[in-house]
Amino acid sequence: MITKQKGTYDIYGLEAKKRMYVNDILDALCQKYNYSNIITPVFEASELFHRGVGESTDMVQKETYDFKDRGDRDITLRPEGTAGVVRWFIENKMYGNMSDPVKVYYNMKMYRYERPQSGRQREFTQWGFECFGSDDALADAEVISLAYNAYRLLGLDNITIKLNTLGDAESRENYKVALKKYLEPNIKDLCPDCQERFNKNVLRILDCKFDAENEILKNVPKINDYLNEESLNRFNKLTELLDLMDINYVVDDKLVRGLDYYTHMVFEVVLDDSYALGGGGRYNNLVETLGGPSIPAVGFAMGYDRTMQMLDEKGIEIPVNDDVDVYLLYVSEDEKETAAYLAQDLRLNGFICETDLMSKSLKAQFKSVDRYNSKYLIVLNDKDLANDEVVIKDNKTKEEEHVKLNDLVDYLDMHM
Ligand code: HAM
């Protein structure tokens with residue numbers, strides 16, 4: 001038997017319906033914020049992610065699905081959405097008229113070669129969005145509020161936004177120097193990963209899960225003390241706006257995020273202090289790094305599967321079911337044609353309709369009515385049809401009514 005790959009899932013039945021319901025909520029919310037939908041290719045040139053996300057990141061070093069295609073090109077399955085969207089933005093010269101921002105959202109599968117565990121898959125979905133063109137704290141606040149409102153609309157109202165700033169290049173450099181100076185004498189006492197990060201990307205040491213309780217990390221210098229005036233002002237402006245918008249956030253000065261492209265504010269969405277349900281931030285240099293002009297941008301991505309899992313664990317009901325509105329049973333082969341056209345008519349009029357495709361006995365058809373949890377059933381037979389009518393039965397109350405064939409849709413419209 002060929003089985004599915006480690007870290008991948010089949011999504012079927014009610015679970016698939018739940019996702020459609022959640023997608024509708026998220027689509028409608030994005031429209032309120034005037035974001036357009038975008039779908040980018042699953043695979044791109046490896047360079048896009050390697051250069052965009054950063055060669056030194058865990059993602060590029062250990063997690064990307066890289067391969068050569070038959071034309072000997074270096075290809076990578078997208079591990080995240082931002083770099084592909086930036087590639088689209090540059091390739092289509094979307095920066096041509098930047099008097100208004102360009103705002104797009106996506107709901108796409110991503111691929112990371114990770115050790116599968118709860119909330120961590122190799123194929124997973126991100127719902128995310130990116131806003132290009134504004135360097136204003138108002139754009140940061142809008143992105144955070146869109147993320148925040150999405151979780152709340154889904155019923156996860158106990159969420160917190162963890163917020164931090166990495167400052168501008170100057171502030172960040174000053175901070176990195178101070179951090180290295182502080183860590184250097186004690187670096188041997190940190191985990192091997194942190195020792196490696198010391199030279200490659202010292203900021204990542206701050207969010208090391210392994211060393212989180214280590215006294216050395218508890219007492220590190222704080223980024224706040226190294227922000228220049230401009231960086232500090234913009235962060236203060238953002239927190240003012242978040243206060244005004246009544247968004248529940250905490251400043252976490254150890255939050256640095258795992259991707260290299262962030263500048264200034266970064267944030268994550270957490271529930272009950274467990275793993276991040278989503279994350280994002282500002283990335284003012286990425287468009288330029290990938291060959292475009294200097295355009296500021298900010299965005300976010302929700303871990304869709306983790307969020308679905310949390311809805312489930314919190315017992316938040318998603319109002320979907322597999323129930324059928326009307327089941328058409330037939331007594332003999334003679335009524336099969338009627339079943340065919342009546343089913344067509346009911347479905348085109350918006351009802352969920354089933355009939356027997358297996359040529360079962362009438363007794364077995366009745367069993368299907370219950371299995372499908374059909375609200376109504378109609379037993380097609382020559383006597384009723386000779387009078388151009390059917391007997392429709394409410395499967396719960398067992399009440400029956402004679403209805404003319406021409407009036408059936410109206411009858412169901414009134415009763416459903
Ligand atoms: P990220 O933090 O790498 O950011 O991923 C965003 C979210 O995707 C995570 O918070 C997590 O919920 C979910 N996620 C990540 N890896 C997995 C996995 N293996 N299995 C299940 N869920 C996962 C980004 O990807 C950035 N592109 C976000 C962004 C958009 N920043 C600016 N714009």
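This chain uses plain numbering: 1 for the first residue, then up along the sequence. Note that ligands are numbered from 1 as they come in the structure, with each ligand's atoms numbered from 1 the same way.
- For atom 4 (O) of ligand 1, the candidate residues are M59, R257, Q117, E123; the nearest heavy-atom contact is made by R257.
- Classification of the F267-F300 ring pair by plane angle, with boundaries at 30° and 60°, yields parallel.
- Looking only at atom types and distance, the side chain of T82 has a donor-acceptor partner in the side chain of E130 under 3.5 Å away.
- G303 CA, 3.5 Å is the protein heavy atom nearest to atom 13 (C) of ligand 1.
- Close approach of ligand 1 to G279 (heavy-atom distance below 4.0 Å) involves ligand atoms 10 (O), 28 (C), 29 (C).
- In the vicinity of Q121, heavy-atom distances shorter than 4.0 Å reach the ligand 1 atoms 18 (C), 19 (N), 20 (N), 21 (C).
- Note on ligand 1: Y262 sits in its first shell, one or more heavy atoms being nearer than 4.0 Å.
- If you look at E268 next to ligand 1, there are no close heavy atoms at all, none under 4.0 Å.
- Here the protein heavy atom with the shortest distance to atom 8 (O) of ligand 1 is Q126 NE2, 3.2 Å.
- At the shortest separation from atom 33 (N) of ligand 1 among protein heavy atoms lies E130 OE1, 2.8 Å.
- Set against the non-hydrogen atoms of L259, the atoms of ligand 1 under 4.0 Å away are 4 (O), 24 (C), 26 (C).
- No heavy atom of G258 sits closer than 4.0 Å to any atom of ligand 1.
- Side-chain contact, T76 with D66: a donor N or O sits under 3.5 Å from an acceptor N or O.
- When the heavy-atom distances from atom 11 (C) of ligand 1 to R78, E63, M302, R306 are ranked, the shortest goes to R306.
- In the vicinity of T82, heavy-atom distances shorter than 4.0 Å reach the ligand 1 atoms 26 (C), 27 (N), 29 (C), 30 (C), 31 (N), 32 (C), 33 (N).
- In this structure, CH2 in W127 is found 14.5 Å from CZ in R19, a value given to the nearest 0.5 Å.
- If you run salt bridge (charged side-chain N to carboxylate O under 4.0 Å, His left out) between R234 and each of D168, D135, D136, only D135 comes through.
- Of the N and O atoms on the side chains of E63 and Y113, not one donor lies less than 3.5 Å from an acceptor on the other residue.
- The shortest contact between atom 15 (C) of ligand 1 and any protein heavy atom is with R112 NH1, 3.4 Å.
- Partners of Y262 according to the ring-ring contact (aromatic ring centres under 6.0 Å, His included) rule, which considers only residues two or more places apart in sequence or in another chain, do not exist here.
- Among the atoms of F129, none of the N or O lies under 3.5 angstrom from an N or O of ligand 1.
- G128 does not count as a contact of ligand 1, since none of its heavy atoms falls under 4.0 Å from the ligand.
- Between D305 and ligand 1 there is no heavy-atom distance shorter than 4.0 Å.
- For K17, the NZ atom counts as densely surrounded, since its 6.0 Å shell holds more than 12 non-hydrogen atoms of other residues, nucleotides or ligands.
- Among all non-hydrogen protein atoms, the one lying nearest atom 12 (O) of ligand 1 is A276 O, 3.0 Å.
- For the ring pair (Phe, Tyr, Trp, His ring centres under 6.0 Å) test with F129, the passing option among Y33, Y105, Y35, Y106 is Y35; the others fail.
- Against a heavy-atom cut-off of under 4.0 Å, E114 is close to the following atoms of ligand 1: 16 (N), 17 (C), 18 (C), 19 (N).
- With sequence neighbours excluded, the residues satisfying ring-ring contact (aromatic ring centres under 6.0 Å, His included) with Y411 are H415.
- Looking only at protein heavy atoms, the nearest one to atom 21 (C) of ligand 1 is G119 O, 3.3 Å.
- Contacts of M110 with ligand 1, taken as heavy-atom pairs under 4.0 Å, are absent altogether.
- Looking at atom 27 (N) of ligand 1, its nearest protein heavy atom turns out to be E80 OE1, 2.5 Å.
- Scanning the protein for heavy atoms near atom 14 (N) of ligand 1, the closest one is F124 CE1, 3.6 Å.
- The two atoms that bring F366 and L329 nearest to each other are N-CD2, 3.7 Å, heavy atoms only.
- Every atom of ligand 1 with a heavy atom of G278 under 4.0 Å away is listed here by number and element: 10 (O), 12 (O).
- Side-chain contact annotation: T239 with N236, donor-acceptor N/O pair under 3.5 Å absent.
- More than 12 heavy-atom neighbours from other residues, nucleotides or ligands sit within 6.0 angstrom of NZ on K180.
- Remark: E213 CD is loosely packed, at most 12 non-hydrogen atoms of other residues, nucleotides or ligands lying under 6.0 Å away.
- Residue L271 holds its CG atom at 12.5 Å from CZ of R306, rounded to the nearest 0.5 Å.
- Residue Y261 approaches ligand 1 through these ligand atoms, each under 4.0 Å from one of its heavy atoms: 26 (C), 27 (N), 31 (N).
- When non-hydrogen atoms are compared, ligand 1 lies under 4.0 Å from neither the backbone nor the side chain of V269.
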